[in-house]
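Values reported hereafter were calculated over all heavy atoms of this structure, with side chains retained and with hydrogens, waters and symmetry mates removed. Sequence lines set the chain letters: A, B, ... in the order given, protein chains first and strands last, and positions in each chain run from 1.
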Amino acid sequence: MTIRTRFAPSPTGYLHIGGVRTALFNWLLAKQAGGQFILRIDDTDSRRNLDETLQPILDGFNWLGLDWDEGPEVGGPHTPYFQSQRLAHYQAAAKKLLASGHAYRDYSSPAEMATEREAAEKEKRDFVYSRTWMAESDEQAAEFESQGRSFVVRLKMPRDGKCEFHDLVRGDVSFDWGREADHVIQRGDGTCLYHLANVVDDHDFDVTHVVRAVEHLSNTPRQIFILQSLGYEMPQYAHIPFVAEPGSKNKLSKRKIDQYLNNKDFKRLYQAGAEIAKRIGVEADPYSFNPVLVDFYRDIGFLPDAVLNYLVLLGWSLDDKTEDFSREEMLEHFSADRIVRSEASFDCQKLLSFQASYMNALPLKQKTKMCLGFLQKANLVSDPVECEQGNLISRIVESAGDRICMAGDILKFDTFFIADQNMEFEEKPFQKRMVKPANAGFLLAEFNKILNATDDFDAASLETALHGFCETQGIVVGDVIHALRVAVTGKAAGFGMFDTMAILGRERTCNRIQIALDELAKRVEANQ
RNA sequence: GGCCCCUUCGUCUAGUGGUCUAGGACUCCGGCCUUUCACGCCGGCAACACGGGUUCGAGUCCCGUAGGGGUCACCA
């Protein structure tokens, strides 16, 4: 039997990181067995524009490389894969359930239901409908209708015995039938509800394994009742724990961003992302752009494999030490029986650390290509890029090394792409390294003369030159190199100073030092 | 509140009665390296929720308590 799994997102406009984890487990389970992973769109309740709300989700899956065998864009033998287009199937199922006596027309009014519900609550017992307005025959129905009532279709749930099933993650599970409410499966207007649609679709699509978050565990009995009443075969269930908030066990929710922003690590990641977003023209509103959403990672230059590697370990492990999983390794080793039962909180730091190590392992050429995209979006480099500038970027990326954790970090090295006269000096380092040391100006001016005259302008020659200079002046490298960095880059931190100067070239390096000296003179004058 | 679920370092986890003075990873804290920043290297802190059993022996089994969570729609 081939394994068929599905992920069924509602088109909400964004792809949630917890959802992706569920999708990943589904994908892994199907793909490792040579089965199919299906994307089904749960849009029965959707009133919004589908293009707008679905596309970001599809984009997210595409970016992550979680390909689906059947669903939107690719079609498949069970098309359509949109619930909004499958109403006829659900209605046929509801009709069948009605005919077999597993469902009934209910003529109660919302107010009457509410009264019963409140009574149950007061007596601290489960709410089970009295079935006072249940119509099982056309005569009864006519009678209720003559009273001006209208009906919905409800499930006629068993009132005794137990619903038992095996769950791949939770083991043997059992619920009392008697506690299950008679849920509505079809509205008065003929439209159908989620549980019915879900069961019918899973059956129609030949889904063999239903892998979903635990919050659906308590919905399972009613779905089993539907499927058994319809004569369907029961799928394998696997209810996986949800992804919890950073630092708590609450379910991760996109609505509580304000609260997460109080979390130190979450905030730091968000701010790093927002910094990049701002420069490439991406809206950084925390409600639509934050570490709970997959877009966030794509937009700031994460590697999909790093995200996936982090997510696969959120609630699953292979053994006591293996942490690095390529896609192939995940496919080889993943198994439902090693899924953890307790919820796992989302940890930005760990995700970041996977990103750092994946980025570090990325070949220079690919890393450069990723970075180039960000430089172009920030309008620092033309698109298409000129060949010479391409080489320059490659050198910068190489020298920056692991200082570029996400591709958007390249923007920290924007100094190379800014015209000398437009360069800005960070205030604090300028004070500390240029203004405060009495001899900084003198040393820089002297060293600038040497830079102007030196034969070669590669990193090694520059290093020799500086060491020679320090010896002549009777100082150590540390006495001048900080001022040099501030003068040449405007910043306190960066990669190797000799690489920096070599990449910039003689003309620009000397020019910048002169600009810094002029600036210094201005300040000194102003202070006197 | 009813029902269901969960509970090992701050976080993700290993652990299926003795090999657990509880292992790994991230974070954190020292130190080394160093022109800054980062990396890297070395070292360190840090956990079996609690109480009863069962057993020669319990993180591991049973019961209870506490805490946390999910769910109770004509949402999905």
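- Contact annotation for A:R433: no contact, since no heavy-atom pair falls under 4.0 Å across all strands.
- Relative orientation of the A:F266 and A:Y260 rings is perpendicular, given thresholds of 30° and 60° on the angle between their planes.
- Below 30°, between 30° and 60°, or above 60°: for A:F302 and A:Y297 the angle between ring planes is above 60°, a perpendicular geometry.
- Within 4.0 Å (heavy atoms only), A:E323 reaches at least one base atom of the nucleic acid.
- Between A:R179 and B:C72 there is no side-chain polar atom (N or O) within less than 4.0 angstrom of OP1 or OP2.
- Pair check for B:U55 finds none; no Watson-Crick or G-U wobble contact set falls under 3.5 Å.
- Of the candidate nucleotides B:C26, B:C4, B:U35, B:U35 has the atom nearest to the side chain of A:F498.
- For A:R403, the listed nucleotide lying nearest its side chain is B:A38; candidates were B:C26, B:C74, B:A38.
- Side-chain atoms of A:H195 come within donor-acceptor range of the base of B:A76, with a qualifying N/O pair under 3.5 Å.
- Among the nucleotides B:C6, B:A76, B:U35, the one closest to the side chain of A:D42 is B:A76.
- Within the shown strands, B:C50 is the pairing partner of B:G64 under the Watson-Crick or G-U definition, both distances less than 3.5 Å.
- Note: A:F417 and A:F374 fail the aromatic proximity criterion, with ring centroids not under 6.0 Å apart.
- Mapped onto RNA chain B by nearest heavy atom, A:K264 and A:L318 fall at different nucleotides, with A:L318 at the one closer to the 5' end.
- Taking only side-chain nitrogens and oxygens, A:T44 comes nearer than 4.0 Å to OP1 or OP2 of B:A76.
- For B:U11, the OP1/OP2 oxygens have no side-chain nitrogen or oxygen of A:S345 closer than 4.0 Å.
- When heavy atoms are screened at a 4.0 angstrom cut-off, A:K251 is found touching the sugar-phosphate backbone but no base atom.
- At least one side-chain nitrogen or oxygen of A:R187 sits closer than 4.0 Å to the OP1 or OP2 atom of B:C75.
- Nearest nucleotide to the A:R170 side chain, out of B:G69, B:C74, B:C6: B:C6.
- Note on A:R341: a side-chain N or O is less than 4.0 Å away from OP1 or OP2 of B:C6.
- Within the 4.0 angstrom heavy-atom criterion, no nucleotide atom of any strand lies near A:G247.
- The gap from the P atom of B:A49 to that of B:U60 amounts to 8 Å, rounded to the nearest Å.
- Counting only heavy atoms from C-beta on, A:F242 has its side chain closest to B:G69 among B:U71, B:C4, B:G69.
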In sequence, state the C-alpha distance, the side-chain angles, and the governing distance for A:Y81 and A:D201, and then conclude on side-chain hydrogen bond (donor to acceptor under 3.5 Å, both in side chains).
CA-CA 9 Å; A:Y81 292 87; A:D201 285 342; over 6 Å; no
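- Using a 4.5 Å heavy-atom threshold, the side chains of A:I404 and A:C371 count as touching.
- Put simply, CG on A:L411 and CD1 on A:I300 are 11.0 Å apart, with the number rounded to the nearest 0.5 Å.
- With salt bridges taken as basic N to acidic carboxylate O contacts below 4.0 Å, one links A:D414 and A:K491.
- Under the 3.5 Å distance criterion, with hydrogens and angles disregarded, no donor-acceptor pair is assigned to the side chains of A:D324 and A:Y358.
- Look at NZ on A:K428: it is 15 Å from C1' on B:U36, rounded to the nearest Å.
- Contacts of A:D176 with the nucleic acid, taken as non-hydrogen atoms under 4.0 Å apart, are absent.
- A cation-pi arrangement is found for A:R21 relative to A:F25, the charged atom lying closer than 6.0 Å to the ring centre and inside a 45° cone about the ring normal.
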Assess whether side-chain hydrogen bond (donor to acceptor under 3.5 Å, both in side chains) is satisfied between A:R179 and A:S218, documenting all intermediate values.
CA-CA 11 Å; A:R179 299 178 184 282; A:S218 51; over 6 Å; no
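- Spacing of P atoms, B:C56 relative to B:C9, comes out at 31 Å, to the nearest Å.
- Residue A:F346 contributes atom CZ, which lies 15 Å from atom P of B:U27 at whole-angstrom precision.
- Under 4.0 angstrom from either OP1 or OP2 of B:A73 there lies at least one side-chain N or O belonging to A:R117.
- Of the nucleotides present, B:G44 is the one that pairs with B:C28 by Watson-Crick or G-U wobble criteria, both distances under 3.5 Å.
- Between B:C74, B:U11, B:U35, one nucleotide has an atom nearer to the side chain of A:R485 than all others, and that is B:U35.
- The six-membered or imidazole ring of A:F325 lies near that of A:W316, with a centre-to-centre distance under 6.0 Å.
- Nearest-nucleotide positions on RNA chain B for A:D402 and A:D265 put A:D265 closer to the 5' end.
- Nearest nucleotide to the side chain of A:H482, out of B:U36, B:G69, B:C75: B:U36.
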Kindly give the atom pairs (protein nitrogen or oxygen, nucleotide nitrogen or oxygen) under 3.5 Å for nucleotides 18-23 of chain B.
| from | atom 1 | to | atom 2 | distance (Å) |
| --- | --- | --- | --- | --- |
| B:G23 | N2 | A:D320 | O | 3.1 |

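- Straight-line distance between the C1' atoms of B:U27 and B:G44: roughly 14 Å, to the nearest whole Å.
- Taking atom P on both nucleotides, B:C12 is separated from B:G69 by 14 Å, rounded to a whole Å.
- To the nearest whole angstrom, the two C1' atoms, one in B:C48 and one in B:C20, are 10 Å apart.
- B:C39 atom C1' lies 13 Å from atom NZ of A:K412, rounded to whole Å.
- Here the side chain of A:A493 is nearest to one of B:U35, B:U71, B:U36, namely B:U36.
- When the P atom of B:A14 is taken as reference, atom CG of A:L313 falls 10 Å away, rounded to whole Å.
- Summarising the base pairing, B:C3 is matched to B:G70 through a Watson-Crick or G-U wobble pair whose two defining distances lie under 3.5 Å.
- Residue contacts shown for A:G478 are absent, as no nucleic acid heavy atom lies under 4.0 Å away.
- Relative to the six-membered ring of A:Y129, A:R154 meets both conditions, a distance below 6.0 Å and an angle of at most 45° to the axis.
- Going from the C1' atom of B:U11 to that of B:U19 covers 28 Å, rounded to whole Å.
- The separation between A:K350 atom NZ and B:G10 atom C1' is 13 Å, rounded to whole Å.
- Among the heavy atoms of the strands lying under 4.0 Å from A:R338 are primed sugar atoms or P, OP1, OP2 only; no base atom is included.
- Atom pair A:K432:NZ and B:U36:P shows a separation of 11 Å (rounding to whole Å applied).
- Ranking B:G69, B:C74, B:U7 by closeness to the A:K249 side chain, first place goes to B:G69.
- Between A:Y310 atom OH and B:U27 atom P there is a gap of 13 Å when expressed in whole angstrom units.
- The gap from the P atom of B:A47 to that of B:C61 amounts to 22 Å, rounded to the nearest Å.
- Of the candidates B:C6, B:U35, B:G70, the closest approach to any side-chain atom of A:M497 belongs to B:U35.
- Within 4.0 Å (heavy atoms only), A:A492 reaches at least one base atom of the nucleic acid.
- When the P atom is used for both B:U13 and B:G1, the distance is 28 Å, rounded to whole Å.
- Remark: P of B:A25 and CZ of A:F354 are 12 Å apart, rounded to the nearest angstrom.
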